[in-house]
Amino acid sequence: MENKIINLGIFGFGCVGQGLYEVLNRTKGINARIKKICIKDPNKPRPIDASYFTTDKNEILNDPTIDVVVELINETDAAFEIVSTALRNGKAVVSASKRMIAENLPALYQLQVENKVPFLYEASSCASIPIIRNLEEYYDNDLLNAVEGICNGSTNYILTKIFEENWSFETALKQAQDKGFAETDPTLDIEGYDPKFKIVILLLHAFGTFVKPEEVFNFGIHHLNDFDIQFAKQRNCTIKLIGNCRRQNGHVNAYVLPHLIREHNLLYDVYNEYNGVLLESAFTDKQFFVGKGAGGTATGSAVLSDISALLYNYRYEYKKIKQSNQPAFTNDVQLKIYLRYSNASQVHLTDFYNISEKYESSTYSYVVGVINLQKLKDADWLKNKDVNLLVLGEDHSR
């Protein structure tokens, strides 16, 4: 696609679609123009000329003059149909749909191989942080040990307001929604599903391992209460929702859980809608990436970066898949956690390997101990709103 103008066909014109439109029009030197935008509701007011829009997906998918399909919708099945059809039609595709990608990674990988067309999705993982491209290019031959960090700007914004400004959970969530950092239905964010989809994607690019989203345990900040917040503050900690994938003993494990983070941890100072990702490797030790993780222009800039990369015929090579040392996935690892409950009958303390600290009161009680990740994943008692957990994570000092 070098030295030519790329014609774009875009699906979706919500927060990210409008962000892409804005950054594309403010960026000089990228030979790309929007030819058509497919939307669902033709009667909804739009900030740009109506001639851009259509409700017929085939106006984009079957238009031979459109070079790149940009998929930015929230419906998983429809997004997969759009992307797979475009790839079969020989069109390059850029997407930001982390759930669709995470749930269909093997099929999407195969479609790229069979049709010899690129599919780029940097915006699906950490918005403005170019983490996938770094894993693909810089760490292609480096022995990675771990990828972990804050990869959901919505929950980080909420937790920042709770800890830095003493806001209530409800007030912080409403503000995140008003700013476009969280959806009207915030379930995917606050329950940890959104960062789980991102971790599934990063597992493939970091370790060459395909993992189904349902195999990865996620537990968000939806059970967080004032007792947990005071527990953290009394220990000079904050709380961050962390996605973690780590290689150990020939296997790789992954999870998304709220962590207690001490002040000298690199992730402690990642505030508001920003993301922060730590990479650990055998040769370069620790490296840290930080950038905006939510918002239309931040995510739109990552989409635009992928579009720009297509001008230079860039594609993911998935080098880790072709290497011989892909680790198998496991949930058989031990975690040290804080577990809060109001009544001992609500939890199964016998699931713990050991308990090093215990506190009881008339309102809430807690234990600190070591438990198997698979035990947590299988624990029905975690569905009780009076029960919450926090991981006592490793320290990553500056």
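Just so we're clear, the structure is a prediction, and the values are computed from it rather than from any experiment.
- Across P258 and G220, no two heavy atoms sit closer than the pair CG-O, 3.5 Å.
- A continuous path of hydrophobic side-chain contacts links L61 to I10 [ILVMFWY only; heavy atoms under 4.5 Å].
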task: In sequence, state the C-alpha distance, the side-chain angles, and the governing distance for T54 and D56, and then conclude on side chain to side chain donor-acceptor pair (under 3.5 Å).
output: CA-CA 6 Å; T54 179; D56 182 3; 5.5 Å; no
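- Taking CZ of F289 as the start and OG of S128 as the end, the distance is 12.0 Å to the nearest 0.5 Å.
- A donor-acceptor pair under 3.5 Å is formed between the side chain of N156 and the backbone N or O of V270.
- Side chain of T209 to main chain of L203: no donor-acceptor pair is present (N/O by atom type, distance under 3.5 Å, no hydrogens or angles).
- Using a cut-off of 4.0 Å between Lys/Arg side-chain N and Asp/Glu carboxylate O, E280 and R246 are scored as salt-bridged.
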Criterion ring pair (Phe, Tyr, Trp, His ring centres under 6.0 Å) on Y52 and F13, from CA distance to verdict: CA-CA 11 Å; Y52 277 105; F13 200 66; 8.2 Å; no
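- Relative ring orientation between H259 and Y255 is described as parallel, the plane-to-plane angle staying below 30° on a 0-90° scale split at 30° and 60°.
- Ion pair D63/K36 not flagged as a salt bridge, since none of the NZ, NE, NH1 or NH2 atoms sits closer than 4.0 Å to an Asp/Glu carboxylate oxygen.
- Summarising the geometry, atom NZ belonging to K240 is positioned 10.5 Å from atom CD1 belonging to I221; distances are rounded to the nearest 0.5 Å.
- N89 places no side-chain N or O within donor-acceptor distance of the main-chain N or O of K91, the cut-off being under 3.5 Å.
- Of the possible donor and acceptor atoms, none in the side chain of K57 sits under 3.5 Å from a partner among the backbone N and O of F11.
- N253 and N331 share no side-chain donor-acceptor pair at under 3.5 Å.
- There is a path of hydrophobic side-chain contacts, each under 4.5 Å, that joins L335 to Y341.
- Between Y364 and Y366, the gap from one ring centroid to the other reaches at least 6.0 Å.
- Counting non-hydrogen atoms of other residues, nucleotides and ligands closer than 6.0 Å to CG of N25 gives a total above 12.
- A298 and K292 make their closest contact through CB-CB, 3.7 Å (heavy atoms, listed as atom of the first residue, atom of the second, distance).
- Side-chain contact between S95 and M100: present, with at least one pair of heavy atoms (C-beta onward) separated by less than 4.5 Å.
- Between I48 and I37 there is a side-chain heavy-atom pair separated by less than 4.5 Å.
- V83 and L310 fall within a single hydrophobic cluster, where Ile, Leu, Val, Met, Phe, Trp and Tyr are joined by side-chain heavy atoms under 4.5 Å apart, directly or via other members.
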side-chain contact (heavy atoms from CB on, under 4.5 Å) between E59 and C38, intermediate numbers included: CA-CA 8 Å; E59 279 196 44; C38 186; over 6 Å; no
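- A ring pair (Phe, Tyr, Trp, His ring centres under 6.0 Å) with Y157 is found for one member of F181, F169, F163 and no other, namely F181.
- In this structure, the separation between CG on L241 and CG on L267 is 11.5 Å, given to the nearest 0.5 Å.
- In this structure, the separation between CG on L260 and CG on L390 is 5.0 Å, given to the nearest 0.5 Å.
- At a threshold of 4.0 Å, the pair E137-R133 does not count as salt-bridged, since none of the basic side-chain nitrogens sits closer than that to a carboxylate oxygen.
- Side chains of L135 and K320 form no contact here, defined as non-hydrogen atoms less than 4.5 Å apart.
- Put simply, V252 and F210 are part of the same group of oily side chains (I, L, V, M, F, W, Y) that touch within less than 4.5 Å, one to the next.
- Of the candidates T299, N275, N152, C126 forms a side-chain contact (heavy atoms from CB on, under 4.5 Å) with just one, namely N275.
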query: Does the pair E114 and L87 meet the rule for a side-chain contact (heavy atoms from CB on, under 4.5 Å), with working shown?
result: CA-CA 9 Å; E114 290 172 358; L87 291 172; over 6 Å; no
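- With respect to the salt-bridge test (charged N to carboxylate O, under 4.0 angstrom), the residues K179 and E273 do not qualify.
- Of the possible polar contacts, one joining the S356 side chain to the V368 backbone as a donor-acceptor pair under 3.5 Å is found.
- Without hydrogens or angle criteria, N225 side chain to F227 main chain gives a donor-acceptor distance under 3.5 Å.
- Panel note: side chain K196, backbone P213; a donor-acceptor pair is recorded below 3.5 Å.
- Other residues, nucleotides and ligands contribute only 12 or fewer heavy atoms inside 6.0 Å of the NZ atom of K212.
- In this structure, the separation between CZ on F288 and CG on D269 is 8.5 Å, given to the nearest 0.5 Å.
- Linking Ile, Leu, Val, Met, Phe, Trp and Tyr whenever their side-chain heavy atoms come within less than 4.5 Å leaves F197 and I132 in two separate clusters.
- Annotation: D178, atom CG; neighbour count of heavy atoms from other residues, nucleotides and ligands within 6.0 Å is above 12.
- The two residues G243 and V256 make their nearest non-hydrogen contact at CA-CG2, 4.0 Å.
- Listed here is the closest heavy atom pair of A123 and V303: CB-CG2, 3.7 Å.
- The minimum heavy-atom distance between I131 and S125, with the atom names listed, is CG2-CB, 4.1 Å.
- More than 12 heavy atoms of other residues, nucleotides or ligands sit less than 6.0 Å from atom NZ of K35.
- Summarising the geometry of E360 relative to S365, their closest heavy-atom pair is CA-OG, 3.3 Å, with the distance given to 0.1 Å.
- Not a single donor-acceptor pair under 3.5 Å links the side chain of N272 to the backbone N or O of Y274.
- Of the residues listed (L339, D351, I355), the one engaging I371 in a side-chain contact (heavy atoms from CB on, under 4.5 Å) is D351, and it is the only one.
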field: Worked verdict on Y316 versus Y109 for ring pair (Phe, Tyr, Trp, His ring centres under 6.0 Å)
entry: CA-CA 10 Å; Y316 300 142; Y109 170 71; over 10 Å; no
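- Judged by the 6.0 Å distance and 45° axis criteria, R46 is not positioned over the aromatic ring of Y21.
- A donor-acceptor distance shorter than 3.5 angstrom exists from the side chain of E136 to the backbone of Y318, with no hydrogens or angles considered.
- Under the 3.5 Å distance criterion, with hydrogens and angles disregarded, a donor-acceptor pair is assigned to the side chains of S345 and N343.
- More than 12 heavy atoms of other residues, nucleotides or ligands sit less than 6.0 Å from atom CG of N58.
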- prompt: Could you walk me through whether T171 and K161 pass the side-chain contact (heavy atoms from CB on, under 4.5 Å) check?
  reply: CA-CA 9 Å; T171 301; K161 296 305 179 185; over 6 Å; no
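- Salt bridge absent: E183 and R99 never bring a charged side-chain N and a carboxylate O closer than 4.0 Å.
- A tilted orientation is assigned to the rings of F219 and H222, their planes being inclined by 30° to 60°.
- Between the side chain of R88 and the backbone N or O of N115, no donor-acceptor pair lies under 3.5 Å.
- F329 has its ring centre no less than 6.0 Å from the ring centre of F207.
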- prompt: Between L111 and F119, does a side-chain contact (heavy atoms from CB on, under 4.5 Å) hold up when you go through it step by step?
  reply: CA-CA 9 Å; L111 282 166; F119 174 44; over 6 Å; no
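- Separation of atoms OG (S301) and CG (L20) is listed at 9.5 Å; rounding is to 0.5 Å.
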